[in-house]
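Any value given below was found using the heavy atoms of this structure, including those in side chains, with hydrogens, waters and symmetry copies removed. Both ligands and their constituent atoms are indexed starting at 1 by order of listing. Note that this is a predicted model, so its numbers are computed, not measured.
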Amino acid sequence: MSEQLTLALSKGRILEATLPRLAAAGITPTVDPESSRQLIIGTSRPDLRLLVLRATDVPTFVAYGAADLGVAGKDVLLEHGGRDLYEPLDLGIAGCRMAIAGCPGALAAAQHRPLRVATKFEAIARDHFARRGRQIEIVKLYGSMELAPIVGLADVIVDLVDTGNTLAANGLETFETIQSISARLVVNKAAQKLDNARVRELIAAFEAPDQTVGAP
Ligand code: ATP
Ligand code: PRP
């Protein structure tokens, strides 16, 4: 069992929503993770440190045990596959939805051929359309997905939608919501078994954000 528990977080939306939850449990980082270039950050709890990662890398660090716990969007977890991870808690933060969108009329226009789908969420898109029995071709992108239908690169996109402003600003409409997305606490399966008391205590800290847990 290691000296410290390690919690993996990502800058941006996840960190912004997670820090208040930690603060409510009496846990504060020793430096501001948003502005600091430090990638390993101590906390007010000597037995807890933070790793600051790319959002998509959080499940990998936790699955390999480089971090005991992590906070990641359900989208990222579905793409990763979730092997070697427990997902004990829906934190209800960083909420949005995974949706199929495109230019008006795009689905009807493609009904007699494979649908060309631009996305960075390849596993989610493949799984969804396979369930529907709909043949697709994936165009893998890493950002600015909304451009793809406009310039004829794809019929539709599978992407995250929050306010809907990006779709509206680009003249796109939602055809279907695949599922609601929120951030989840994930735990390495071995850490959950070997370090059960401390891991459970930290899960409880996230569950009961109004209480100071684990303070000396
Ligand atoms: P990466 O650095 O790997 O590209 P990212 O920039 O998408 O990740 P964030 O923007 O911080 O990282 O998003 C982290 C998580 O926040 C997403 O995985 C998703 O679950 C959630 N989220 C909530 N609203 C949105 C949104 N409008 N766009 C993207 N992600 C959102
Ligand atoms: C995300 C997502 C959409 C947009 C949705 O992009 O990919 O483009 O936010 O949010 P909205 O419905 O509130 O407009 P992000 O800003 O993370 O940039 P990205 O293209 O780098 O993923």
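Closest protein heavy atom to atom 8 (O) of ligand 2: Glu146 OE2, 2.6 Å. Among all non-hydrogen protein atoms, the one lying nearest atom 11 (O) of ligand 1 is Arg13 N, 3.2 Å. From the protein, the heavy atom lying nearest to atom 16 (O) of ligand 2 is Arg13 NH2, 3.7 Å. Considering only non-hydrogen protein atoms, atom 21 (O) of ligand 2 sits nearest to Gly143 CA, 4.7 Å. Remark: minimum distance from atom 22 (O) of ligand 2 to any protein heavy atom is reached at Lys120 NZ, 3.8 Å. Closest protein heavy atom to atom 20 (O) of ligand 2: Ser144 N, 3.3 Å. For atom 5 (C) of ligand 2, the closest non-hydrogen atom of the protein is Leu160 O, 3.4 Å. Residue, atom and distance of the protein heavy atom nearest to atom 7 (O) of ligand 2 are Asp159 OD2, 3.0 Å. In this structure, atom 14 (O) of ligand 2 lies nearest to the protein heavy atom Thr166 OG1, 2.4 Å.
Atom 6 (O) of ligand 1 is not flagged as protein-proximal [any protein heavy atom, distance under 4.0 Å]. Atom 12 (O) of ligand 2 is flagged as protein-proximal [any protein heavy atom, distance under 4.0 Å].
Polar contact with ligand 1: present for Asp75 (N/O pair, distance under 3.5 Å). Between Asp162 and ligand 2, at least one N/O pair is under 3.5 Å apart. Polar contact check, Arg54 against ligand 1: a nitrogen or oxygen pair lies under 3.5 Å apart. Residue Met145 has no nitrogen or oxygen atom sitting less than 3.5 Å from a nitrogen or oxygen atom of ligand 2, judged on distance alone.
Annotation: cation-pi geometry satisfied between Lys189 and Tyr86 (NZ/CZ under 6.0 angstrom from ring centroid, within 45° of ring axis).
The CG atom of Leu185 sits 9.5 Å away from the CD1 atom of Ile93 when rounded to the nearest 0.5 Å.
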Using salt bridge (charged side-chain N to carboxylate O under 4.0 Å, His left out), reason through Glu87 and Lys74 one step at a time and then give a plain yes or no. CA-CA 10 Å; Glu87 194 187 300; Lys74 185 66 184 174; 3.0 Å; yes
side-chain contact (heavy atoms from CB on, under 4.5 Å) between Ile41 and Thr30, intermediate numbers included: CA-CA 7 Å; Ile41 295 178; Thr30 50; 3.9 Å; yes
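Between Glu176 and His128, some side-chain heavy-atom pair lies under the 4.5 Å cut-off.
The side chain of Lys120, and not its backbone, has at least one atom closer than 4.0 Å to an atom of ligand 1 (non-hydrogen atoms only; side chain from C-beta on). Counting heavy atoms under 4.0 Å from ligand 1, residue Leu160 touches it through the side chain alone. At a 4.0 Å heavy-atom cut-off, ligand 2 does not touch Cys96 at all.
For the pair Arg97 (side chain) and Val161 (backbone), a donor-acceptor distance under 3.5 Å is absent.
Atom numbering of ligand 1 starts at 1 in the shown order; those under 4.0 Å from a heavy atom of Val76 are 18 (O). Within the listing of ligand 2, atoms 12 (O) sit less than 4.0 angstrom from a heavy atom of Val161.
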